[in-house]
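Below is one structure, written out as C-alpha cells; comments come after it.
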Amino acid sequence: MSLVLASAAGYSLLLRFGRNVRVLFLSDIHGNLEALEACLAAAPRHDVVVNLGDSVGYGANPNEVIDRVRQLGNIFVRGNHDRACAGLTDVRGFNYIAAAAAIWTNRQLSPSNLEWLKSLPLGPIFLPELPDLQLVHGSPRDEDEYLLLPDDAAASAAHARVPITFFGHTHMQGCFRITDKQQITYHPRYSSNRDQAHWDFPIENGGVHLINPGSVGQPRDGDWRAAFALYDSERKTVTYYRVPYDVETAQKKIMDANLPERLASRLQFGR
Ligand code: ZN
C-alpha cells in the first residue's frame with residue numbers, strides 16, 4: 001500500500017508500507033556524530049524517521065550530522081539551537097557555553113547546510129497518515145518551553161489538539177500521561193547503564209500523552225548512553241532505546257575544536 005506523509009509545512013514523503021507505521025524518533029542530536037551513528041546502527045526496522053530538532057549546537061560535527069539526517073528523510077521540526085545556529089535569532093537568551101557553541105557552529109556550516117537549517121519548520125507538525133499525533137520541539141504551545149515537571153506537561157496538554165505529542169528539548173527520556181484525574185510521569189527502567197537496552201511503553205486509551213524519545217547526542221537524565229525511540233502505530237507502543245557509543249572520540253573532537261570543555265566532560269555522565 002502506498003501512503004503519502006505530509007507535514008503542515010508542506011514537507012511530503014511517499015512511503016510504501018502496510019497499515020502499520022513504525023516511526024523512528026530522533027531528537028537533540030546536537031552535532032554528535034558518534035552517538036547518531038550508534039543509534040542508527042541499533043535502530044530496529046522502521047518505515048520513516050522523524051527528527052524533533054536540535055540536530056546541531058554543542059557537538060563538533062554539525063555538517064556531518066546534517067548531511068546524515070538529510071539522507072534519512074524529510075520530517076523535521078526546528079529546535080531552538082537549530083534556530084540560533086542558523087542565525088535566525090541572536091544568542092542572548094543562551095548561557096555562555098550554548099552561545100559559544102552556536103556561534104562556532106554557525107561559522108562551520110556549509111552554505112547548503114546553513115540554508116537547510118534556516119528552512120526547518122516551526123512545530124507543531126502534523127502527519128496526515130498518523131492523525132492522532134503531533135511533533136514539537138519544546139511543547140505544543142511554545143518551541144522554547146521545557147516540559148520537565150508534570151505541572152508543565154498538564155498546562156501544555158491543554159493546548160494539544162491530538163492525544164499524542166512527541167517532543168524533545170529537555171534531553172530527558174520518558175513520558176507524561178495527563179488525564180482529568182491524574183498526571184503521571186514515566187521513565188524507562190533499565191537494569192544497568194552499560195549495554196544496549198530497550199523498554200516498551202504501551203500507550204493507554206484516554207488522556208493526553210507527551211512523549212520524549214530522549215537526546216541522541218547530549219543526554220541529561222543521568223544515563224550517558226545515546227537515546228532514541230520507536231513508535232509502532234498499530235500496537236500503540238513506544239519502545240525506548242539506550243545505546244552505548246564512542247564518547248571518547250566525541251569528547252576529543254569537542255576539545256580539538258576549542259569548544260568549551262564542559263561540553264565534552266558532561267557527555268560521560270549524561271548530565
Ligand atoms: Zn537540545
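Note that ligands are numbered from 1 as they come in the structure, with each ligand's atoms numbered from 1 the same way. None of the values given here were measured: they were computed from a predicted structure.
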>> Given 3.5 Å as the limit, does a donor-acceptor pair link the side chain of Asn32 with the main chain of Gln218, or not?
In response: no

>> Closer than 3.5 angstrom, by distance alone: can the side chain of Tyr186 be matched with the main-chain N or O of Phe201 as a donor-acceptor pair?
In response: no

>> If the cut-off is 2.8 Å, does any N/O/S atom of His169 fall short of it from the Zn ion (ligand 1)?
In response: no

>> Closer than 2.8 Å to the Zn ion (ligand 1): does that hold for any N, O or S atom in His30?
In response: yes

> Can you tell me the N, O or S atom of Asp54 that's nearest the Zn ion (ligand 1)?
Replying inline: OD2

> Which N/O/S atom belongs to Asp28 and is the closest one to the Zn ion (ligand 1)?
Replying inline: OD1

>> Is the ring pair Phe176/Phe167 parallel, tilted or perpendicular, if the boundaries are 30 and 60 degrees?
In response: parallel

>> Rounded to the nearest 0.5 Å, what separates atom OG1 in Thr185 from atom CD1 in Ile178?
In response: 7.0 Å

